[in-house]
Amino acid sequence: MKNGFTLMEVLLVITIASIIGVSSVVMYETTTNVTKEEELKNTYIDIQDAAKLYMDIDSNALNSFRENKYLNVPISTLESNNYIDSDLKNSVDNSKIPSDYVVRIYVALKDSKEYLNSCIIKRNGSSPICVSNSEGNACGCCDFNITDNNKSC
């Protein structure tokens, strides 16, 4: 009777350990990316909530909304009035969320009933591009036509 393992047994154990290790790394990366995307969605939702609060408190903004049925609130305005932090980061790529983004608060219709909705947009020349709808997704927001930059969910 011999003591020790054969070469085949050692290679089999190394192969299984390698497969488990690679799978773990892939699963960790996937989970981390999903978590960062969810964090970004929550940041966009928080920014929109801050804009709604700004509209409720600022009488000029509220009057403008009542008159036009929509209001554009630049993120820079929310930053300068301390409704949001001025150093908010995009958790996916760690870049600063641009101050020139605009939160649009508007009256939308669903089943013939009006409700308050919002989204975040950026200007690309004359055409706005959806950054985030009210659920934090970059798709189909502000009742804009669907484009490559404003895809349907």
Side-chain angles (χ1 to χ4, degrees), residues 14-153:
I14 290 172
T15 302
I16 291 172
S18 298
I19 291 171
I20 291 172
V22 168
S23 299
S24 297
V25 169
V26 169
M27 288 175 55
Y28 174 78
E29 288 294 322
T30 303
T31 303
T32 302
N33 290 339
V34 169
T35 303
K36 288 179 180 181
E37 289 170 7
E38 286 298 318
E39 185 179 334
L40 180 60
K41 285 181 183 181
N42 290 333
T43 299
Y44 285 149
I45 291 168
D46 290 345
I47 291 170
Q48 292 175 63
D49 289 343
K52 291 174 187 171
L53 180 62
Y54 170 80
M55 180 184 74
D56 287 341
I57 293 174
D58 187 280
S59 60
N60 291 331
L62 186 57
N63 290 335
S64 177
F65 174 78
R66 286 180 178 152
E67 182 179 318
N68 301 313
K69 297 280 190 181
Y70 77 91
L71 177 68
N72 290 332
V73 182
I75 288 183
S76 60
T77 299
L78 297 174
E79 290 172 343
S80 65
N81 288 296
N82 296 319
Y83 284 87
I84 59 173
D85 290 333
S86 60
D87 60 349
L88 287 177
K89 299 272 187 200
N90 176 331
S91 56
V92 174
D93 63 12
N94 209 29
S95 63
K96 183 183 181 314
I97 293 178
S99 297
D100 61 348
Y101 282 4
V102 175
V103 178
R104 176 172 280 200
I105 304 168
Y106 62 100
V107 175
L109 285 173
K110 184 173 185 176
D111 299 328
S112 301
K113 294 183 181 175
E114 292 183 341
Y115 68 99
L116 188 65
N117 204 352
S118 63
C119 64
I120 300 175
I121 58 176
K122 71 176 180 176
R123 296 281 179 198
N124 185 22
S126 62
S127 62
I129 295 174
C130 176
V131 174
S132 168
N133 63 15
S134 58
E135 289 86 32
N137 299 310
C139 56
C141 64
C142 294
D143 298 330
F144 295 140
N145 292 328
I146 304 298
T147 66
D148 285 340
N149 294 315
N150 180 21
K151 295 187 183 333
S152 175
C153 292

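Treat the numbers as computed from the prediction; the structure is a model and nothing was measured.
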| request: With rounding to the nearest 0.5 Å, note down the distance linking NZ in K69 to CD1 in I105. | output: 14.5 Å
| task | Please list, chain by chain and in numerical order, all residues satisfying salt bridge (charged side-chain N to carboxylate O under 4.0 Å, His left out) with K96, sequence neighbours excluded. | result | E79
| said: Determine whether a donor-acceptor pair (N or O, by modelled atom type, separation under 3.5 Å) exists between the side chain of N68 and the backbone of S64. | reply: yes
| task | May I have the step-by-step check of side chain to side chain contact (heavy atoms under 4.5 Å, CB included) for E39 and N42, ending in yes or no? | result | CA-CA 5 Å; E39 185 179 334; N42 290 333; 5.6 Å; no
| said: Contact between R66 and N63 at the side-chain level, heavy atoms closer than 4.5 Å - yes or no? | reply: yes
| note | Interatomic distance, CD1@I47 vs CD1@I120, rounded to 0.5 Å, equals 4.5 Å
| task | Might you point out which heavy atoms bring K122 and V131 nearest each other, and give the distance in Å? | result | N-CG2, 3.9 Å
| field | Sidechain-backbone polar pair: Q48 side chain, N133 backbone, donor-acceptor under 3.5 Å | value | yes
| message | Restricting to non-hydrogen atoms, name the atom on I45 and the atom on S134 that form the minimum distance, rounded to 0.1 Å. | response | CG1-O, 3.6 Å
| Quick check: does any side chain N or O of N90 sit under 3.5 Å from a backbone N or O of V92, one acting as donor and the other as acceptor? | yes
| message | Would you compute the distance between atom CD1 of I75 and atom OG of S86 and round it to the nearest 0.5 angstrom? | response | 12.0 Å
| request: In sequence, state the C-alpha distance, the side-chain angles, and the governing distance for M55 and V73, and then conclude on side chain to side chain contact (heavy atoms under 4.5 Å, CB included). | output: CA-CA 8 Å; M55 180 184 74; V73 182; 5.6 Å; no
| note | Across all chains, not counting sequence neighbours, the salt bridge (charged side-chain N to carboxylate O under 4.0 Å, His left out) partners of E67 are none
| remark: Between the CG atom in D85 and the CG atom in L78, the distance rounded to the nearest 0.5 Å is 11.5 Å
| Hey, is the main chain of Y83 close enough, under 3.5 Å, to the side chain of N81 for a donor-acceptor pair? | no
| query | Can you name the residues that form a side-chain contact (heavy atoms from CB on, under 4.5 Å) with K89, not counting sequence neighbours? | reply | N94
| said: How close do A51 and V103 get, counting heavy atoms only, and between which atoms? | reply: CB-CG1, 3.4 Å
| remark: What one should report as the nearest heavy-atom pair of L109 and Y115 is C-CE2, 3.9 Å
| message | Between N137 and Y44, is the side chain to side chain contact (heavy atoms under 4.5 Å, CB included) condition met? List the steps. | response | CA-CA 9 Å; N137 299 310; Y44 285 149; over 6 Å; no
| task | Give a yes or no answer on whether the side chain of S91 reaches the backbone of K36 with a donor-acceptor pair at less than 3.5 Å. | result | yes
| task | Hey, could you give me the CD1/CD1 distance between I14 and I19, rounded to the nearest 0.5 Å? | result | 12.5 Å
| message | side chain to side chain contact (heavy atoms under 4.5 Å, CB included), that's the test. Do I84 and D46 meet it? Break it down for me. | response | CA-CA 8 Å; I84 59 173; D46 290 345; over 6 Å; no
